[in-house]
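Read through the structure below, which is laid out as C-alpha coordinates, and then see the notes.
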Amino acid sequence: MRERCAILGIEWFEQVPNSDPKVSELLAPEVAVRLGVVPVALEGTRLILAMLNPLDTTALDEVAALTGKPVTRVGLEPAAFRDLMRDRFGTTAARMAESLAADALGGTPDAEHNLDAIEADDVHRMAEQPTLINLVNLLLLEAIQGRASDVHIEPFENDLKVKYRIDGVLVEQPQPPKHLQAALIGRVKIMASMNIAERYVPQDGHITLRFEGRKVDIRVSTVPTLYGESVVMRILDKSNLPLDLAALGMSEPHRAIVDRMITKPHGLVLVTGPTGSGKTTTLYASLSKLYDPRKKIITIEDPVEYELSGINQIPVNPKRGLTFATGLRSILRQDPDIIFVGEVRDAETVDIAIRSALTGHLIFSTLHTNDAISSIGRMVDMGAEPYLVASVIEGLIAQRLGRRNCTNCSREQAISEETDHRLTQDERERFKGRQVVGHGCDKCGNSGFRGRLGFYEIVKVTGALRNAISQNRPVHELRKLFDSDFINMREDGMRKALDGITTIEEVLRATQDVDDFSA
(Lines give C-alpha, C1' and ligand atoms only; values in the text may rest on other atoms or scores of the structure.)
Protein backbone atom coordinates (compact mmCIF):
# COMPACT_ATOMS: atom_id res chain seq x y z
CA MET A 1 0.00 0.00 0.00
CA ARG A 2 2.84 2.36 0.86
CA GLU A 3 4.31 1.99 -2.62
CA ARG A 4 0.95 2.71 -4.29
CA CYS A 5 0.55 5.83 -2.13
CA ALA A 6 3.99 7.02 -3.26
CA ILE A 7 2.96 6.58 -6.90
CA LEU A 8 -0.19 8.64 -6.25
CA GLY A 9 1.75 11.32 -4.37
CA ILE A 10 0.09 10.58 -1.01
CA GLU A 11 2.33 11.34 1.97
CA TRP A 12 3.07 8.47 4.34
CA PHE A 13 4.19 8.80 7.96
CA GLU A 14 5.83 6.38 10.39
CA GLN A 15 4.70 8.48 13.36
CA VAL A 16 1.76 10.81 13.93
CA PRO A 17 2.31 14.13 12.09
CA ASN A 18 1.82 17.45 13.88
CA SER A 19 -1.81 17.46 14.92
CA ASP A 20 -4.42 19.47 16.77
CA PRO A 21 -6.59 17.35 19.14
CA LYS A 22 -9.52 19.74 18.68
CA VAL A 23 -9.64 19.00 14.93
CA SER A 24 -10.62 15.39 15.65
CA GLU A 25 -13.93 16.74 17.01
CA LEU A 26 -14.98 17.51 13.42
CA LEU A 27 -16.00 13.84 13.08
CA ALA A 28 -18.24 11.80 15.36
CA PRO A 29 -16.21 9.05 17.07
CA GLU A 30 -18.30 6.24 15.61
CA VAL A 31 -17.80 7.63 12.08
CA ALA A 32 -14.03 7.92 12.59
CA VAL A 33 -13.80 4.36 13.92
CA ARG A 34 -16.01 2.96 11.17
CA LEU A 35 -14.09 4.63 8.34
CA GLY A 36 -10.63 4.18 9.84
CA VAL A 37 -9.79 7.90 9.76
CA VAL A 38 -8.66 10.62 12.20
CA PRO A 39 -8.73 14.36 11.39
CA VAL A 40 -5.32 15.67 12.50
CA ALA A 41 -4.98 19.29 11.36
CA LEU A 42 -6.41 22.21 9.39
CA GLU A 43 -4.34 24.03 6.77
CA GLY A 44 -6.52 27.03 6.05
CA THR A 45 -9.86 25.48 5.18
CA ARG A 46 -8.33 22.18 4.09
CA LEU A 47 -8.64 19.21 6.46
CA ILE A 48 -5.60 16.93 6.85
CA LEU A 49 -6.92 13.39 7.37
CA ALA A 50 -4.84 10.45 8.66
CA MET A 51 -6.17 7.23 7.14
CA LEU A 52 -5.57 3.57 7.85
CA ASN A 53 -6.19 2.97 4.15
CA PRO A 54 -5.47 6.15 2.13
CA LEU A 55 -6.70 4.40 -1.03
CA ASP A 56 -10.27 4.20 0.34
CA THR A 57 -11.85 6.97 -1.73
CA THR A 58 -15.34 6.16 -0.42
CA ALA A 59 -14.24 7.06 3.12
CA LEU A 60 -12.52 10.18 1.78
CA ASP A 61 -15.68 11.36 0.04
CA GLU A 62 -17.82 10.69 3.13
CA VAL A 63 -15.50 12.77 5.37
CA ALA A 64 -15.54 15.63 2.86
CA ALA A 65 -19.34 15.55 2.75
CA LEU A 66 -19.73 15.37 6.54
CA THR A 67 -17.24 18.14 7.34
CA GLY A 68 -17.94 20.36 4.34
CA LYS A 69 -14.21 20.84 3.83
CA PRO A 70 -11.73 19.84 1.13
CA VAL A 71 -9.65 16.93 2.40
CA THR A 72 -5.99 15.99 1.99
CA ARG A 73 -5.28 12.37 2.92
CA VAL A 74 -2.09 11.05 4.49
CA GLY A 75 -1.10 7.49 5.25
CA LEU A 76 -0.02 6.31 8.70
CA GLU A 77 1.63 3.10 9.85
CA PRO A 78 -1.07 0.79 11.37
CA ALA A 79 0.47 0.75 14.87
CA ALA A 80 0.81 4.53 14.93
CA PHE A 81 -2.74 4.91 13.58
CA ARG A 82 -4.18 2.72 16.35
CA ASP A 83 -2.30 4.77 18.97
CA LEU A 84 -3.68 7.97 17.45
CA MET A 85 -7.23 6.58 17.38
CA ARG A 86 -6.97 5.52 21.03
CA ASP A 87 -5.53 8.90 22.05
CA ARG A 88 -8.19 10.95 20.22
CA PHE A 89 -11.27 8.87 20.95
CA GLY A 90 -10.33 6.55 23.83
CA THR A 91 -13.06 4.24 25.11
CA THR A 92 -15.65 6.21 23.21
CA ALA A 93 -18.52 3.82 23.88
CA ALA A 94 -17.95 3.98 27.64
CA ARG A 95 -17.74 7.77 27.60
CA MET A 96 -20.88 8.06 25.48
CA ALA A 97 -22.84 5.69 27.76
CA GLU A 98 -21.88 7.74 30.81
CA SER A 99 -22.97 10.98 29.15
CA LEU A 100 -26.45 9.75 28.23
CA ALA A 101 -28.91 11.00 30.84
CA ALA A 102 -32.30 9.41 31.46
CA ASP A 103 -34.27 12.43 30.25
CA ALA A 104 -32.22 12.53 27.01
CA LEU A 105 -34.03 9.38 25.97
CA GLY A 106 -37.34 10.20 27.53
CA GLY A 107 -36.84 7.55 30.17
CA THR A 108 -37.51 7.66 33.89
CA PRO A 109 -35.46 6.36 36.82
CA ASP A 110 -38.19 3.81 37.59
CA ALA A 111 -37.92 2.34 34.09
CA GLU A 112 -34.87 0.28 35.01
CA HIS A 113 -36.96 -1.66 37.55
CA ASN A 114 -40.14 -1.83 35.49
CA LEU A 115 -39.00 -2.90 32.02
CA ASP A 116 -42.26 -4.75 31.33
CA ALA A 117 -44.13 -1.45 31.52
CA ILE A 118 -42.26 0.04 28.55
CA GLU A 119 -44.38 -0.17 25.42
CA ALA A 120 -42.89 -1.38 22.13
CA ASP A 121 -43.56 2.02 20.52
CA ASP A 122 -41.58 3.72 23.29
CA VAL A 123 -38.70 1.29 22.86
CA HIS A 124 -38.70 1.97 19.12
CA ARG A 125 -38.66 5.73 19.68
CA MET A 126 -35.85 5.47 22.26
CA ALA A 127 -33.84 3.15 20.04
CA GLU A 128 -34.01 5.60 17.13
CA GLN A 129 -32.39 8.44 19.10
CA PRO A 130 -29.09 9.43 17.37
CA THR A 131 -27.10 9.20 20.61
CA LEU A 132 -28.33 5.66 21.25
CA ILE A 133 -27.64 4.63 17.65
CA ASN A 134 -24.08 5.93 17.98
CA LEU A 135 -23.60 4.10 21.28
CA VAL A 136 -24.59 0.73 19.82
CA ASN A 137 -22.46 1.34 16.72
CA LEU A 138 -19.48 2.16 18.91
CA LEU A 139 -19.97 -0.93 21.07
CA LEU A 140 -19.79 -3.06 17.93
CA LEU A 141 -16.95 -1.16 16.27
CA GLU A 142 -14.80 -1.22 19.42
CA ALA A 143 -15.44 -4.97 19.70
CA ILE A 144 -14.28 -5.46 16.10
CA GLN A 145 -11.21 -3.30 16.69
CA GLY A 146 -10.44 -5.28 19.84
CA ARG A 147 -10.54 -8.61 17.93
CA ALA A 148 -13.60 -9.79 19.91
CA SER A 149 -15.41 -12.85 18.60
CA ASP A 150 -18.61 -12.16 20.57
CA VAL A 151 -20.35 -9.28 22.34
CA HIS A 152 -22.51 -10.20 25.36
CA ILE A 153 -25.16 -7.85 26.79
CA GLU A 154 -26.38 -9.32 30.09
CA PRO A 155 -29.19 -7.80 32.19
CA PHE A 156 -29.20 -8.21 35.97
CA GLU A 157 -31.35 -6.70 38.71
CA ASN A 158 -29.37 -3.47 39.09
CA ASP A 159 -26.75 -3.75 36.33
CA LEU A 160 -26.45 -4.07 32.58
CA LYS A 161 -23.17 -5.80 31.79
CA VAL A 162 -21.34 -5.69 28.46
CA LYS A 163 -18.59 -8.24 27.82
CA TYR A 164 -16.33 -8.95 24.84
CA ARG A 165 -14.99 -12.45 24.22
CA ILE A 166 -11.36 -11.91 23.23
CA ASP A 167 -9.11 -14.90 22.50
CA GLY A 168 -11.77 -17.17 23.98
CA VAL A 169 -12.08 -15.34 27.32
CA LEU A 170 -14.85 -12.93 28.35
CA VAL A 171 -13.57 -9.44 29.23
CA GLU A 172 -15.99 -7.13 31.06
CA GLN A 173 -16.37 -3.63 29.63
CA PRO A 174 -17.53 -0.40 31.35
CA GLN A 175 -21.22 -0.79 32.13
CA PRO A 176 -23.88 1.29 30.36
CA PRO A 177 -26.51 2.76 32.75
CA LYS A 178 -29.25 0.28 33.61
CA HIS A 179 -31.96 2.69 32.38
CA LEU A 180 -30.58 2.30 28.83
CA GLN A 181 -31.37 -1.42 28.81
CA ALA A 182 -34.65 -1.34 26.89
CA ALA A 183 -33.37 1.16 24.32
CA LEU A 184 -29.97 -0.53 23.89
CA ILE A 185 -31.40 -4.02 23.37
CA GLY A 186 -34.21 -2.58 21.25
CA ARG A 187 -31.66 -0.89 18.98
CA VAL A 188 -29.75 -4.16 18.50
CA LYS A 189 -33.00 -5.95 17.63
CA ILE A 190 -33.97 -3.26 15.11
CA MET A 191 -30.54 -3.56 13.45
CA ALA A 192 -30.96 -7.35 13.32
CA SER A 193 -34.51 -7.14 11.86
CA MET A 194 -36.01 -8.80 14.94
CA ASN A 195 -39.42 -8.23 16.55
CA ILE A 196 -38.88 -5.65 19.30
CA ALA A 197 -42.39 -6.19 20.68
CA GLU A 198 -41.64 -9.86 21.46
CA ARG A 199 -39.52 -10.10 24.62
CA TYR A 200 -40.46 -13.51 26.00
CA VAL A 201 -39.25 -15.96 23.35
CA PRO A 202 -35.72 -16.45 21.93
CA GLN A 203 -35.02 -14.75 18.61
CA ASP A 204 -32.23 -14.88 16.02
CA GLY A 205 -31.16 -12.15 13.62
CA HIS A 206 -28.36 -10.85 11.45
CA ILE A 207 -26.50 -7.53 11.10
CA THR A 208 -24.11 -6.48 8.32
CA LEU A 209 -21.65 -3.64 9.00
CA ARG A 210 -19.02 -1.90 6.90
CA PHE A 211 -15.79 -1.48 8.86
CA GLU A 212 -12.57 -0.02 7.46
CA GLY A 213 -13.70 -0.82 3.94
CA ARG A 214 -14.70 -4.43 4.58
CA LYS A 215 -17.95 -6.24 5.33
CA VAL A 216 -18.44 -7.72 8.79
CA ASP A 217 -21.37 -10.07 9.47
CA ILE A 218 -22.85 -10.31 12.96
CA ARG A 219 -25.16 -13.12 14.13
CA VAL A 220 -27.51 -11.99 16.90
CA SER A 221 -29.24 -14.20 19.45
CA THR A 222 -31.60 -13.09 22.23
CA VAL A 223 -33.09 -15.13 25.08
CA PRO A 224 -35.47 -13.95 27.85
CA THR A 225 -33.97 -13.95 31.36
CA LEU A 226 -35.28 -12.95 34.78
CA TYR A 227 -34.32 -9.29 34.29
CA GLY A 228 -34.79 -8.82 30.55
CA GLU A 229 -33.36 -10.16 27.32
CA SER A 230 -29.77 -11.41 27.17
CA VAL A 231 -28.13 -10.65 23.82
CA VAL A 232 -25.12 -12.32 22.25
CA MET A 233 -23.67 -11.02 18.99
CA ARG A 234 -21.22 -13.34 17.18
CA ILE A 235 -18.82 -11.26 15.06
CA LEU A 236 -17.86 -12.97 11.81
CA ASP A 237 -14.96 -10.89 10.52
CA LYS A 238 -13.36 -12.62 7.54
CA SER A 239 -10.21 -10.47 7.87
CA ASN A 240 -9.52 -12.24 11.19
CA LEU A 241 -9.96 -15.70 9.66
CA PRO A 242 -6.52 -17.26 9.15
CA LEU A 243 -7.13 -19.51 6.14
CA ASP A 244 -3.75 -21.14 6.45
CA LEU A 245 -2.91 -24.19 8.56
CA ALA A 246 0.43 -22.73 9.66
CA ALA A 247 -1.29 -19.52 10.84
CA LEU A 248 -3.69 -21.69 12.85
CA GLY A 249 -0.69 -23.09 14.74
CA MET A 250 -0.42 -26.50 13.06
CA SER A 251 3.14 -27.83 13.15
CA GLU A 252 5.00 -28.70 9.96
CA PRO A 253 4.83 -32.52 10.52
CA HIS A 254 1.08 -32.29 11.11
CA ARG A 255 0.61 -30.08 8.04
CA ALA A 256 2.41 -32.65 5.91
CA ILE A 257 0.03 -35.39 7.11
CA VAL A 258 -3.04 -33.20 6.51
CA ASP A 259 -1.82 -32.30 3.02
CA ARG A 260 -1.70 -36.00 2.13
CA MET A 261 -5.19 -36.57 3.61
CA ILE A 262 -6.94 -33.74 1.80
CA THR A 263 -5.44 -34.45 -1.60
CA LYS A 264 -6.95 -37.94 -1.75
CA PRO A 265 -9.33 -38.34 -4.73
CA HIS A 266 -12.12 -39.64 -2.47
CA GLY A 267 -12.81 -40.67 1.10
CA LEU A 268 -13.89 -39.15 4.43
CA VAL A 269 -11.86 -36.76 6.60
CA LEU A 270 -13.25 -35.90 10.05
CA VAL A 271 -12.30 -33.06 12.41
CA THR A 272 -13.42 -33.55 16.01
CA GLY A 273 -13.63 -31.48 19.16
CA PRO A 274 -16.14 -29.57 21.30
CA THR A 275 -18.04 -26.48 20.18
CA GLY A 276 -15.72 -23.51 19.75
CA SER A 277 -12.55 -25.56 19.25
CA GLY A 278 -11.91 -24.23 15.73
CA LYS A 279 -13.02 -27.29 13.71
CA THR A 280 -14.78 -25.28 11.00
CA THR A 281 -11.84 -22.88 10.64
CA THR A 282 -9.46 -25.81 10.11
CA LEU A 283 -11.73 -27.19 7.40
CA TYR A 284 -12.10 -23.75 5.79
CA ALA A 285 -8.30 -23.54 5.63
CA SER A 286 -8.18 -26.99 4.04
CA LEU A 287 -10.86 -26.08 1.48
CA SER A 288 -9.06 -22.85 0.58
CA LYS A 289 -5.87 -24.83 0.04
CA LEU A 290 -7.75 -27.24 -2.23
CA TYR A 291 -9.53 -24.57 -4.26
CA ASP A 292 -9.04 -25.03 -7.98
CA PRO A 293 -11.34 -23.64 -10.69
CA ARG A 294 -11.32 -27.10 -12.25
CA LYS A 295 -12.98 -28.59 -9.14
CA LYS A 296 -16.53 -28.19 -7.87
CA ILE A 297 -16.54 -27.60 -4.10
CA ILE A 298 -19.86 -27.40 -2.23
CA THR A 299 -20.49 -26.93 1.49
CA ILE A 300 -23.63 -27.31 3.58
CA GLU A 301 -23.37 -25.53 6.93
CA ASP A 302 -25.44 -24.47 9.93
CA PRO A 303 -25.00 -21.55 9.52
CA VAL A 304 -22.55 -20.40 6.83
CA GLU A 305 -20.05 -18.53 9.00
CA TYR A 306 -17.74 -17.08 6.36
CA GLU A 307 -18.10 -16.68 2.62
CA LEU A 308 -15.31 -18.47 0.76
CA SER A 309 -14.43 -17.23 -2.71
CA GLY A 310 -15.12 -19.73 -5.49
CA ILE A 311 -16.88 -22.23 -3.22
CA ASN A 312 -20.64 -22.94 -3.32
CA GLN A 313 -22.02 -22.65 0.23
CA ILE A 314 -25.50 -23.78 1.32
CA PRO A 315 -27.07 -22.73 4.66
CA VAL A 316 -29.15 -25.37 6.45
CA ASN A 317 -32.80 -24.34 6.83
CA PRO A 318 -34.76 -26.99 8.81
CA LYS A 319 -37.95 -24.87 8.79
CA ARG A 320 -38.09 -25.30 5.02
CA GLY A 321 -36.98 -28.92 5.04
CA LEU A 322 -33.31 -28.32 4.21
CA THR A 323 -31.37 -30.46 6.68
CA PHE A 324 -27.84 -31.82 6.36
CA ALA A 325 -29.22 -35.12 5.05
CA THR A 326 -31.62 -33.65 2.46
CA GLY A 327 -29.05 -31.05 1.40
CA LEU A 328 -26.36 -33.69 0.99
CA ARG A 329 -28.64 -35.75 -1.25
CA SER A 330 -29.20 -32.73 -3.50
CA ILE A 331 -25.51 -31.80 -3.51
CA LEU A 332 -24.68 -35.21 -4.99
CA ARG A 333 -26.77 -34.28 -8.05
CA GLN A 334 -24.63 -31.14 -8.52
CA ASP A 335 -21.62 -33.13 -9.78
CA PRO A 336 -19.28 -32.08 -6.93
CA ASP A 337 -15.65 -33.13 -6.45
CA ILE A 338 -15.35 -32.07 -2.81
CA ILE A 339 -18.13 -31.73 -0.21
CA PHE A 340 -17.99 -30.16 3.25
CA VAL A 341 -20.81 -31.22 5.58
CA GLY A 342 -20.91 -28.86 8.58
CA GLU A 343 -21.61 -31.62 11.09
CA VAL A 344 -22.47 -35.32 11.15
CA ARG A 345 -25.44 -35.30 13.51
CA ASP A 346 -27.56 -38.36 12.77
CA ALA A 347 -27.67 -41.80 11.19
CA GLU A 348 -29.09 -40.52 7.91
CA THR A 349 -26.29 -37.99 7.41
CA VAL A 350 -23.62 -40.56 8.32
CA ASP A 351 -25.09 -43.05 5.85
CA ILE A 352 -25.24 -40.58 2.95
CA ALA A 353 -21.75 -39.20 3.73
CA ILE A 354 -20.23 -42.69 3.70
CA ARG A 355 -21.99 -43.67 0.47
CA SER A 356 -20.89 -40.40 -1.12
CA ALA A 357 -17.28 -41.16 -0.22
CA LEU A 358 -17.67 -44.67 -1.64
CA THR A 359 -18.89 -43.27 -4.96
CA GLY A 360 -15.84 -41.11 -5.59
CA HIS A 361 -16.31 -37.91 -3.59
CA LEU A 362 -13.97 -36.36 -1.04
CA ILE A 363 -16.06 -35.55 2.06
CA PHE A 364 -15.05 -33.29 4.96
CA SER A 365 -17.10 -33.10 8.14
CA THR A 366 -16.99 -32.55 11.91
CA LEU A 367 -18.00 -34.56 14.97
CA HIS A 368 -18.18 -33.81 18.69
CA THR A 369 -15.83 -36.31 20.34
CA ASN A 370 -13.05 -35.95 22.92
CA ASP A 371 -10.26 -37.33 20.77
CA ALA A 372 -9.71 -38.32 17.16
CA ILE A 373 -10.11 -42.10 17.27
CA SER A 374 -13.36 -41.95 19.30
CA SER A 375 -15.12 -40.65 16.18
CA ILE A 376 -15.01 -44.17 14.74
CA GLY A 377 -17.10 -45.53 17.60
CA ARG A 378 -19.43 -42.53 17.39
CA MET A 379 -20.23 -43.24 13.73
CA VAL A 380 -20.82 -46.92 14.48
CA ASP A 381 -23.15 -45.90 17.35
CA MET A 382 -25.09 -43.81 14.82
CA GLY A 383 -25.71 -46.92 12.75
CA ALA A 384 -22.80 -46.98 10.29
CA GLU A 385 -21.43 -50.41 9.41
CA PRO A 386 -17.81 -50.78 10.65
CA TYR A 387 -16.63 -52.24 7.32
CA LEU A 388 -18.06 -49.23 5.46
CA VAL A 389 -16.40 -46.77 7.88
CA ALA A 390 -13.12 -48.62 7.38
CA SER A 391 -13.51 -48.42 3.59
CA VAL A 392 -13.93 -44.64 3.43
CA ILE A 393 -12.09 -43.09 6.39
CA GLU A 394 -8.88 -41.36 5.29
CA GLY A 395 -7.96 -39.23 8.27
CA LEU A 396 -9.00 -38.11 11.75
CA ILE A 397 -8.07 -34.77 13.31
CA ALA A 398 -8.87 -33.69 16.88
CA GLN A 399 -8.14 -30.22 18.21
CA ARG A 400 -8.48 -27.66 20.98
CA LEU A 401 -7.71 -23.94 21.08
CA GLY A 402 -5.30 -22.16 23.41
CA ARG A 403 -4.12 -18.56 23.68
CA ARG A 404 -0.86 -17.34 22.13
CA ASN A 405 1.69 -15.47 24.19
CA CYS A 406 1.90 -11.78 23.29
CA THR A 407 5.18 -11.40 21.38
CA ASN A 408 5.62 -7.87 22.71
CA CYS A 409 5.69 -8.64 26.44
CA SER A 410 6.69 -12.32 26.70
CA ARG A 411 9.66 -13.28 28.81
CA GLU A 412 10.94 -16.31 30.65
CA GLN A 413 9.97 -17.00 34.24
CA ALA A 414 9.90 -19.84 36.74
CA ILE A 415 7.10 -22.41 36.55
CA SER A 416 4.77 -22.17 39.55
CA GLU A 417 4.64 -25.04 42.03
CA GLU A 418 0.96 -25.65 41.27
CA THR A 419 1.68 -26.03 37.55
CA ASP A 420 4.79 -28.12 38.16
CA HIS A 421 2.72 -30.72 40.07
CA ARG A 422 0.59 -31.28 36.96
CA LEU A 423 3.56 -32.09 34.71
CA THR A 424 4.91 -35.56 34.02
CA GLN A 425 8.50 -36.36 34.92
CA ASP A 426 9.53 -36.17 31.25
CA GLU A 427 7.88 -32.75 30.89
CA ARG A 428 9.65 -31.43 34.00
CA GLU A 429 13.00 -32.48 32.57
CA ARG A 430 12.30 -30.76 29.26
CA PHE A 431 11.16 -27.43 30.76
CA LYS A 432 13.83 -27.35 33.50
CA GLY A 433 11.61 -25.21 35.73
CA ARG A 434 11.24 -22.32 33.26
CA GLN A 435 8.68 -21.22 30.66
CA VAL A 436 7.88 -18.16 28.50
CA VAL A 437 4.89 -16.10 29.69
CA GLY A 438 3.30 -12.84 28.51
CA HIS A 439 3.26 -10.24 31.28
CA GLY A 440 0.74 -7.78 29.82
CA CYS A 441 1.13 -4.62 27.75
CA ASP A 442 -0.93 -2.15 25.70
CA LYS A 443 -0.82 -4.37 22.61
CA CYS A 444 -2.51 -7.32 24.36
CA GLY A 445 -4.81 -5.36 26.66
CA ASN A 446 -2.61 -6.36 29.64
CA SER A 447 -3.69 -9.99 29.30
CA GLY A 448 -0.31 -11.39 28.23
CA PHE A 449 -2.00 -13.13 25.29
CA ARG A 450 -2.77 -12.05 21.74
CA GLY A 451 -4.46 -14.45 19.35
CA ARG A 452 -5.10 -18.17 19.56
CA LEU A 453 -3.58 -21.35 18.17
CA GLY A 454 -4.60 -24.97 17.86
CA PHE A 455 -3.36 -28.05 19.70
CA TYR A 456 -3.81 -31.04 17.38
CA GLU A 457 -3.66 -34.79 17.20
CA ILE A 458 -3.90 -36.47 13.81
CA VAL A 459 -4.51 -40.14 13.14
CA LYS A 460 -3.28 -41.57 9.84
CA VAL A 461 -5.39 -44.51 8.73
CA THR A 462 -2.92 -47.31 7.97
CA GLY A 463 -3.78 -50.72 6.58
CA ALA A 464 -3.60 -52.33 10.03
CA LEU A 465 -5.83 -49.66 11.56
CA ARG A 466 -8.34 -49.92 8.68
CA ASN A 467 -8.54 -53.68 9.19
CA ALA A 468 -9.14 -53.27 12.95
CA ILE A 469 -11.88 -50.69 12.31
CA SER A 470 -13.65 -53.07 9.92
CA GLN A 471 -13.62 -55.70 12.71
CA ASN A 472 -15.20 -53.17 15.12
CA ARG A 473 -12.30 -53.43 17.57
CA PRO A 474 -12.62 -51.30 20.76
CA VAL A 475 -10.93 -47.90 20.94
CA HIS A 476 -8.12 -49.00 23.28
CA GLU A 477 -7.06 -51.62 20.71
CA LEU A 478 -7.21 -49.13 17.85
CA ARG A 479 -4.85 -46.80 19.76
CA LYS A 480 -2.19 -49.52 19.81
CA LEU A 481 -2.11 -49.43 16.00
CA PHE A 482 -1.21 -45.72 15.67
CA ASP A 483 1.97 -44.88 13.78
CA SER A 484 5.09 -44.37 15.87
CA ASP A 485 5.09 -40.67 14.90
CA PHE A 486 1.64 -40.04 16.42
CA ILE A 487 1.56 -36.96 18.69
CA ASN A 488 -1.37 -36.43 21.04
CA MET A 489 -2.87 -33.00 21.75
CA ARG A 490 -1.11 -32.50 25.08
CA GLU A 491 2.28 -33.30 23.61
CA ASP A 492 1.63 -31.01 20.63
CA GLY A 493 0.74 -28.22 23.05
CA MET A 494 3.78 -28.86 25.27
CA ARG A 495 6.07 -28.58 22.26
CA LYS A 496 4.53 -25.19 21.50
CA ALA A 497 4.97 -24.12 25.13
CA LEU A 498 8.63 -25.18 24.92
CA ASP A 499 8.97 -22.92 21.86
CA GLY A 500 7.50 -20.02 23.86
CA ILE A 501 4.38 -19.73 21.66
CA THR A 502 1.97 -20.45 24.54
CA THR A 503 2.07 -21.34 28.23
CA ILE A 504 1.94 -24.66 30.04
CA GLU A 505 -1.22 -23.50 31.82
CA GLU A 506 -2.97 -22.90 28.48
CA VAL A 507 -2.03 -26.40 27.29
CA LEU A 508 -3.28 -28.00 30.51
CA ARG A 509 -6.51 -25.98 30.43
CA ALA A 510 -7.28 -26.81 26.80
CA THR A 511 -6.37 -30.50 26.86
CA GLN A 512 -7.40 -31.61 30.36
CA ASP A 513 -10.50 -33.41 29.07
CA VAL A 514 -8.41 -35.55 26.72
CA ASP A 515 -5.57 -36.56 29.04
CA ASP A 516 -7.27 -39.85 29.86
CA PHE A 517 -8.06 -40.60 26.22
CA SER A 518 -4.74 -39.92 24.50
CA ALA A 519 -2.42 -42.69 23.51
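Note that these values count all heavy atoms, side chains included, but never hydrogens, waters or copies made by symmetry.
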Here the gap from Ile153 atom CD1 to Glu229 atom CD, rounded to the nearest 0.5 Å, amounts to 10.5 Å
Answer yes or no: does atom CZ of Arg355 have more than 12 heavy-atom neighbours from other residues, nucleotides or ligands under 6.0 Å? no
Strictly below 4.0 Å, N to O, side chains only: are Arg255 and Glu252 in salt-bridge contact? no
Salt-bridge present (Glu348, Arg329; N to O < 4.0 Å): yes
Using modelled atom types only, decide if a donor and an acceptor are shared between the side chain of Gln181 and the backbone of Leu160 within a distance under 3.5 Å. no
Decide yes or no for Val31 and Leu66: does some side-chain heavy atom of the first lie under 4.5 Å from some side-chain heavy atom of the second? yes
So for atom NZ, which belongs to Lys289, do other residues, nucleotides or ligands contribute more than 12 heavy atoms lying within a distance under 6.0 Å? no
Can you measure from CD1 (Ile297) to CG (Leu362) and round to the nearest 0.5 angstrom? 9.0 Å
Minimum side-chain heavy-atom gap His266-His361 below 4.5 Å: no
Taking Asp204 for its side chain and Ser221 for its backbone only, find out whether a donor-acceptor pair lies under 3.5 Å. no
What pairs with Asp167 under side chain to side chain donor-acceptor pair (under 3.5 Å), at least two apart in sequence or on another chain? Arg147
Could you report the tightest heavy-atom contact between Ile469 and Pro386, atom names first, then the distance? O-CB, 3.4 Å
Arg466 vs Ile393, side chain to side chain contact (heavy atoms under 4.5 Å, CB included): CA-CA, chis, key distance, verdict: CA-CA 8 Å; Arg466 200 181 296 278; Ile393 199 74; 4.3 Å; yes
Where the side chain of Ser230 meets the backbone of Glu154, is there a donor-acceptor pair that is under 3.5 Å apart? no
Over 12 non-hydrogen atoms of neighbours within 6.0 angstrom of CG in Asp381: yes
Indicate yes or no: at least one non-hydrogen side-chain atom of Leu184 is less than 4.5 angstrom from one of Leu135. yes
List the steps, then state whether side chain to side chain contact (heavy atoms under 4.5 Å, CB included) holds for Leu141 with Gln145. CA-CA 6 Å; Leu141 295 172; Gln145 272 194 322; 5.9 Å; no
Can you tell me how far apart OG1 (Thr299) and CD1 (Ile339) are? Round to the nearest 0.5 Å. 10.5 Å
To the nearest 0.5 Å, what is the distance between CG on Leu270 and OG on Ser365? 6.0 Å
Under a 4.5 Å cut-off applied to non-hydrogen side-chain atoms, are Val316 and Pro318 in contact? yes
Could you report the tightest heavy-atom contact between Leu245 and Ser286, atom names first, then the distance? CD2-OG, 4.3 Å
Which pair of non-hydrogen atoms, one from Asp244 and one from Ala285, has the smallest distance, and what is that distance? N-CB, 3.8 Å
Looking at Lys161, is its backbone amide N or carbonyl O close enough to the side chain of Glu172 to form a donor-acceptor pair, meaning the two atoms are under 3.5 Å apart? no
Checking Lys460 against Arg260 for the side chain to side chain contact (heavy atoms under 4.5 Å, CB included) test, could you report, in this order, the C-alpha distance in whole Å, the side-chain angles of both residues, the deciding distance, and whether it holds? CA-CA 10 Å; Lys460 292 186 289 185; Arg260 288 196 293 273; 4.1 Å; yes
Heavy-atom donor-acceptor pair, Glu301 side chain to Tyr306 backbone, under 3.5 Å: no
Closest approach of Met489 to Phe455 (non-hydrogen atoms, all atoms of both residues): CG-O, 3.5 Å
Any salt bridge (Lys or Arg N to Asp or Glu O under 4.0 Å) pairs touching residues 306-326, not counting sequence neighbours? Lys215-Glu307
So CD of Gln334 and CD1 of Ile298: to nearest 0.5 Å the spacing works out to 5.0 Å
For residues Leu322 and Gly327, report the shortest heavy-atom separation together with the two atoms involved. CD1-CA, 3.6 Å
Is the shortest heavy-atom distance from the side chain of Tyr456 to the side chain of Ile397 under 4.5 Å? yes
Within the distance-only criterion (no hydrogens, no angle test), does the side chain of Glu506 pair as donor or acceptor with the backbone N or O of Gly402 below 3.5 angstrom? no
Between Lys279 and Gly273, is there a donor-acceptor pair closer than 3.5 Å when you use the side chain of the first and the backbone of the second? yes
Between CZ of Phe486 and CD of Glu457, what distance do you get to the nearest 0.5 Å? 4.0 Å
Side-chain donor-acceptor pair present, Glu305, Thr280, cut-off under 3.5 Å: no
Can you find a heavy atom in the side chain of Met379 that is under 4.5 Å from one in the side chain of Leu268? yes
If only atom types and distance count, is the side chain of Thr326 paired as donor or acceptor with the main-chain N or O of Gly321 below 3.5 Å? yes
Can a donor-acceptor pair be found, under 3.5 Å and without considering hydrogens, that links the side chain of Glu157 to the backbone of Tyr227? no
Just wondering, do Val459 and Leu465 contact through their side chains at under 4.5 Å, heavy atoms? yes
Could you pull out all residues at least two apart from Glu198 that satisfy side chain to side chain donor-acceptor pair (under 3.5 Å)? none
For the residue pair Leu290 and Thr263, establish whether any side-chain heavy-atom pair is separated by less than 4.5 Å. yes
Assess the residue pair Arg404 and Thr502 against the criterion (side chain to side chain contact (heavy atoms under 4.5 Å, CB included)); give the C-alpha distance rounded to whole Å, side-chain angles, the decisive distance to 0.1 Å, and a yes or no. CA-CA 5 Å; Arg404 289 180 184 268; Thr502 188; 5.9 Å; no
Answer yes if the side chains of Thr58 and Asp61 hold a donor-acceptor pair under 3.5 Å, and no otherwise. no
Which heavy atom of Gly249 sits nearest to which heavy atom of Lys496, and what is that distance? O-NZ, 2.6 Å
